[in-house]
Trainee: 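Next up is a structure, given as structure tokens.
Side chains included, hydrogens not; waters and symmetry mates left out as well; all remaining heavy atoms used.
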Amino acid sequence: MRKVADCREMPSESGCTLTISGEEDEVVRAAAEHAASVHGHTDSPEFREEIRHSLKDEHVSVR
């Protein structure tokens, strides 16, 4: 199942609205890189695990 990381669900002074979705490892990697480059977080294995635990399942609406 695809996973989603949504910046709107994290406390942020910037009000970032980025949402990243895809396979779990892709989302963790992209979210960690985004958090480091945009929000000043330190990308570490521990931080990536925090991201992994915060991911939600992607719900796709069928039309």
Side-chain angles (χ1 to χ4, degrees):
M1 173 167 282
R2 289 169 52 96
K3 297 292 186 174
V4 176
D6 190 338
C7 272
R8 295 172 299 178
E9 295 181 1
M10 302 297 161
S12 168
E13 293 179 10
S14 67
C16 185
T17 62
L18 182 69
T19 300
I20 302 167
S21 66
E23 296 297 320
E24 185 171 315
D25 288 340
E26 295 172 318
V27 174
V28 169
R29 182 177 60 252
E33 291 171 2
H34 168 76
S37 67
V38 175
H39 300 290
H41 290 278
T42 300
D43 186 356
S44 68
E46 295 81 12
F47 184 62
R48 288 184 181 220
E49 276 307 303
E50 287 179 36
I51 292 170
R52 188 176 304 280
H53 290 298
S54 72
L55 298 179
K56 306 275 195 263
D57 292 338
E58 182 179 62
H59 297 286
V60 179
S61 45
V62 179
R63 296 180 184 182

Trainee: Tell me, which pairs form a salt bridge (charged side-chain N to carboxylate O under 4.0 Å, His left out) where one or both residues lie in residues 29-44, sequence neighbours left out?
Mentor: D43-R48

Trainee: What's in the same ILVMFWY side-chain cluster as V38, cut-off under 4.5 Å, chained through other members?
Mentor: none

Trainee: Looking only at non-hydrogen atoms, find the nearest pair between A32 and F47 and report the distance.
Mentor: CA-CE2, 4.3 Å

Trainee: In a table with atom names and distances, give each donor-acceptor pair under 3.5 Å that connects a side chain of residues 18-25 to protein atoms at least two apart or in another chain.
Mentor:
| unit_1 | atom_1 | unit_2 | atom_2 | d |
| --- | --- | --- | --- | --- |
| T19 | OG1 | D6 | OD1 | 3.4 |
| S21 | OG | R2 | NH2 | 3.0 |
| S21 | OG | E58 | OE2 | 3.2 |
| E24 | OE2 | R52 | NH1 | 2.7 |
| D25 | OD1 | R52 | NH1 | 3.1 |
| D25 | OD1 | R52 | NH2 | 3.4 |

Trainee: Just verifying a value: how many Å separate E49 CD and S54 OG, rounded to the nearest 0.5 Å?
Mentor: 10.5 Å

Trainee: Hydrophobic cluster mates of M1, side-chain heavy atoms under 4.5 angstrom, ILVMFWY only, any path?
Mentor: none

Trainee: Not counting sequence neighbours, which residues clear salt bridge (charged side-chain N to carboxylate O under 4.0 Å, His left out) with E50? List them please.
Mentor: none

Trainee: Could you work out, with side chain to side chain donor-acceptor pair (under 3.5 Å) as the rule, every residue matching H34, not counting sequence neighbours?
Mentor: H39

Trainee: Locate the shortest heavy-atom distance separating L55 from K3; write the atom from each residue and the value.
Mentor: CD1-CB, 3.9 Å

